[in-house]
Peer 1: 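Questions regarding the structure given below will be posed in turn.
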Amino acid sequence: MTRIDLHCHSTASDGTLTPAELVRAGAAAGLSVMAITDHDTTGGWDEAAAARPQGLTLVRGAELSCRWFGVEPSIPLHLLAYLFDPREPRLAADLARLRNDREQRAEKIVELLRADGVDISWPEVSGYAAGGSVGRPHIAQALIRAGLVRTTDEAFASRWLGARYFVPKADLDVFEAVRAVREAGGVTVFAHPNATVRGRIVPDKLIVDLAAAGLFGLEADHEDHTPEQRAHVRALAGELGLVVTGSSDFHGTHKTVRLGAFTTELSAYRKIVSAATGVPVLG
Ligand code: AMP
Ligand code: FE
Ligand code: FE
Ligand code: ZN
């Protein structure tokens, strides 16, 4: 059995396993293929590649913070990008800008919390991110340490990071992101496109337009999709000729999902690999 998990986070963003620990955990979980897809960074690629156990194939990727500006207010969304050339200047500059904005935004959130007397600090939060892409889970970690919430989930409630202390981040226009990843030889898959639990979702019509613009696949099997949403995404992909993926979106202890909880079929994986020209899979 080939077990393929194409969406996993490390300490290069908001996961809790280092890239080396992540690939070892992937092999231990019985995966044959795993992708490292940290938010807006390729910073974990080299460490994951160096630590890759025999028998585990590594797909290098990232999860890009994007936004659809076709409605008011615009809708944020996540685009998985696989096997792109990280040295391609335009995409590299986009990622650097996103990471820089994540820092400024996290600092703003910390300031808002501090103004309300919450005893956390930017050095603490930045220390949790440890040089990786900063995200709200790192602020959640500080709120847990301060005894204000017990879990990351609780920290995402509306009275904390979900709404009251929410600050939007800079995102890439999703059409520009699809184009930039393609120009860097990579392939894009729309992450958890119907996950209403995360907020507003885009209409199917946008996915039709993205497919025409070069989007390659849709992530159907994901813990944030209901069975009906999974079936809907799968059917839409079928109509549009897009590949279907399934993935854990593993984040270590920042989430409860386990590696390999959802997986991708071998035929879909092969199509992704065949379409990419940026960097090879390793293994
Ligand atoms: P950010 O990217 O900084 O906006 O933070 C969102 C990230 O937090 C996403 O990558 C999620 O995977 C992660 N996360 C962990 N727990 C939750 C939760 N309960 N709700 C939303 N996002 C969560
Ligand atoms: Fe995340
Ligand atoms: Fe995501
Ligand atoms: Zn993710």
Side-chain angles (χ1 to χ4, degrees), residues 5-17 19 22 34-44 59 61-67 74-82 95 98-110 112-113 122 125-126 128-129 132-144 149-172 188-193 195-201 217-219 221-225 245-259 261-262 264:
D5 188 341
L6 293 181
H7 184 170
C8 305
H9 295 263
S10 77
T11 51
S13 65
D14 57 3
T16 58
L17 298 187
L22 180 68
M34 96 185 292
I36 181 167
T37 54
D38 279 302
H39 296 286
D40 307 320
T41 185
T42 58
V59 174
E63 186 174 22
L64 309 187
S65 302
C66 297
R67 194 168 277 269
S74 56
I75 298 178
L77 58 99
H78 288 171
L79 205 61
L80 291 160
Y82 297 113
L95 294 183
L98 291 177
R99 289 193 301 274
N100 185 48
D101 181 79
R102 278 179 168 277
E103 270 192 44
Q104 299 190 16
R105 172 241 203 175
E107 260 191 275
K108 273 187 214 149
I109 297 174
V110 169
L112 290 176
L113 286 158
W122 171 241
V125 170
S126 149
Y128 294 146
S133 257
V134 188
R136 282 180 288 165
H138 300 117
I139 304 172
Q141 204 173 332
L143 294 175
I144 293 169
V149 297
R150 279 166 306 170
T151 63
T152 307
D153 246 17
E154 261 181 58
F156 272 86
S158 58
R159 64 170 298 221
W160 297 107
L161 307 175
R164 177 150 180 206
Y165 299 99
F166 176 75
V167 174
K169 57 183 171 22
D171 300 307
L172 300 176
T188 49
V189 171
F190 194 155
H192 41 74
T196 44
V197 288
R198 288 171 171 253
R200 284 179 309 142
I201 59 163
L218 301 178
E219 187 181 57
D221 295 327
H222 185 283
E223 68 164 353
D224 291 347
H225 284 160
T245 67
S247 328
S248 65
D249 198 358
F250 178 74
H251 276 71
T253 56
H254 279 154
K255 281 194 179 179
T256 53
V257 74
R258 311 251 290 255
L259 280 167
F262 299 95
T264 296

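Each ligand, and each atom within it, is numbered from 1 in the order the structure gives. Both backbone and side-chain heavy atoms feed into the values below; hydrogens, waters and symmetry mates do not.
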Peer 1: Could you tell me, atom by atom, which parts of ligand 1 come under 4.0 Å of a heavy atom of Arg102?
Peer 2: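 Listed by number with element, the hits are 1 (P), 2 (O), 3 (O).
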Peer 1: Closest non-hydrogen protein atom to atom 13 (C) of ligand 1, residue and atom name please, with distance?
Peer 2: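 Among all protein heavy atoms, the one nearest atom 13 (C) of ligand 1 is Pro137 CG, 3.7 Å.
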Peer 1: Hey, does the side chain of His138 reach the backbone of Ser13 with a donor-acceptor pair shorter than 3.5 angstrom?
Peer 2: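 It does hold such a pair.
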Peer 1: Is the backbone of Thr16 close enough, under 3.5 Å, to the side chain of Thr11 for a donor and an acceptor to pair up by distance?
Peer 2: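 No; judged by distance alone, with no hydrogens or angles, the pair does not exist.
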Peer 1: May I ask you to check if any N/O/S atom from His39 comes under 2.8 Å of the Fe ion (ligand 2)?
Peer 2: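 His39 does place an N, O or S atom closer than 2.8 Å to the Fe ion (ligand 2).
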Peer 1: Do any N/O atoms on Lys169 end up under 3.5 angstrom from N/O atoms on ligand 1?
Peer 2: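 N/O-N/O distance under 3.5 Å: no.
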Peer 1: Determine yes or no for a side-chain-to-main-chain donor-acceptor pair under 3.5 angstrom, with Asp101 supplying the side chain and Ala170 the backbone.
Peer 2: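 Between the backbone of Ala170 and the side chain of Asp101 there is a qualifying donor-acceptor contact (under 3.5 Å).
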Peer 1: Taking His7's backbone N and O only, do any of them form a donor-acceptor pair with Asp249's side chain (distance below 3.5 Å, no angle check)?
Peer 2: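 Looks like no, no N/O pair under 3.5 Å.
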Peer 1: Is there a side-chain contact between Ser65 and Pro76 in this structure, where contact means two heavy atoms from C-beta onward sitting under 4.5 Å apart?
Peer 2: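 Ser65 vs Pro76: side chains apart.
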Peer 1: For a side chain to side chain contact (heavy atoms under 4.5 Å, CB included) check, start with the C-alpha distance between Trp160 and Ile139, then their side-chain angles and the critical distance, and finish with the verdict.
Peer 2: CA-CA 10 Å; Trp160 297 107; Ile139 304 172; over 6 Å; no
Peer 1: With a 4.0 Å heavy-atom cut-off (strictly under), which part of Thr152 contacts ligand 1: side chain, backbone, both or neither?
Peer 2: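 The answer is the side chain of Thr152.
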Peer 1: With heavy atoms only and a cut-off of under 4.0 Å, state how Lys255 meets ligand 1: side chain, backbone, both or neither.
Peer 2: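 Side chain only; the backbone of Lys255 stays clear of ligand 1.
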Peer 1: Find all atoms of ligand 1 within a distance of less than 4.0 Å from any non-hydrogen atom belonging to Gly135, and give their numbers and elements.
Peer 2: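 Here the atoms of ligand 1 in question are 3 (O).
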Peer 1: Looking at atom 6 (C) of ligand 1, what's its closest protein heavy atom, distance included?
Peer 2: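 It is Arg136 NH2, 3.7 Å.
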Peer 1: Would you say Tyr82's side chain and Ala35's backbone share a donor-acceptor pair under 3.5 angstrom?
Peer 2: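 Side chain of Tyr82 to backbone of Ala35: no pair is present.
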Peer 1: Is it true that some N/O/S atom of His39, main chain or side chain, lies under 2.8 Å from the Zn ion (ligand 4)?
Peer 2: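 Checking the Zn ion (ligand 4) against His39, no N, O or S atom falls under 2.8 Å.
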Peer 1: For ligand 1, does His39 get within less than 4.0 Å through its side chain, its backbone, both, or neither, judged by non-hydrogen atoms?
Peer 2: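 Side chain only.
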Peer 1: Please list the nearest protein heavy atom to atom 7 (C) of ligand 1 with its residue and the distance rounded to 0.1 Å.
Peer 2: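 Scanning the protein heavy atoms, the shortest distance from atom 7 (C) of ligand 1 goes to Asp14 OD2, 3.5 Å.
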Peer 1: Only heavy atoms count here, so choose which of His138, Arg105, His78, Glu154 is nearest to atom 1 (P) of ligand 1.
Peer 2: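 Heavy atom nearest to atom 1 (P) of ligand 1 belongs to Arg105.
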Peer 1: Which N, O or S atom name in Asp14 marks its closest approach to the Fe ion (ligand 2)?
Peer 2: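 Among the N, O or S atoms of Asp14, the one closest to the Fe ion (ligand 2) is OD2.
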Peer 1: Quick one: does any side-chain atom of Asp221 pair with a main-chain N or O of Phe262 as donor and acceptor, under 3.5 Å?
Peer 2: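 Such a contact is absent between Asp221 side chain and Phe262 backbone.
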Peer 1: Return yes or no for this condition: an N or O of Asp249 is under 3.5 Å from an N or O of ligand 1.
Peer 2: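 By distance alone, the answer is no.
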Peer 1: Output the atom name for the N/O/S atom of Asp249 with the smallest distance to the Zn ion (ligand 4).
Peer 2: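 Result: OD1.
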Peer 1: Could you tell me, atom by atom, which parts of ligand 1 come under 4.0 Å of a heavy atom of Asp153?
Peer 2: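 Counting atoms of ligand 1 from 1, those under 4.0 Å from Asp153 are 18 (C), 19 (N).
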Peer 1: Using only atom types and a distance under 3.5 Å, with no angle test, would you say the side chain of Arg198 pairs donor to acceptor with the backbone of Asp224?
Peer 2: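 Pair absent, no side-chain N/O of Arg198 close to backbone of Asp224.
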Peer 1: Students often mix this up, so state it plainly: with edges at 30° and 60°, are the rings of His251 and His39 parallel, tilted or perpendicular?
Peer 2: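 Plane angle between 30° and 60°, so tilted.
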Peer 1: Within the distance-only criterion (no hydrogens, no angle test), does the side chain of Glu219 pair as donor or acceptor with the backbone N or O of Thr245 below 3.5 angstrom?
Peer 2: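 Checked: no pair found.
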Peer 1: Using 2.8 Å as the threshold, say whether any N, O or S atom from His251 sits that close to the Fe ion (ligand 2).
Peer 2: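 So His251 counts as coordinating the Fe ion (ligand 2), yes.
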Peer 1: Among all the protein's non-hydrogen atoms, which is closest to atom 21 (C) of ligand 1, and how far away is it?
Peer 2: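 The closest heavy atom on the protein side is Phe156 CD2, 3.3 Å.
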Peer 1: Is the distance from the Zn ion (ligand 4) to the nearest N/O/S atom of His9 under 2.8 Å?
Peer 2: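 So His9 counts as coordinating the Zn ion (ligand 4), yes.
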Peer 1: With carbon and hydrogen excluded and only N/O/S kept, which atom of Glu63 is nearest the Zn ion (ligand 4)?
Peer 2: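 Output for this pair reads OE1.
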Peer 1: Check for a donor-acceptor pair, side chain of Arg102 on one end and backbone N or O of Val134 on the other, with a separation under 3.5 Å.
Peer 2: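 Checking the backbone N and O of Val134 against the side chain of Arg102, a donor-acceptor pair under 3.5 Å is found.
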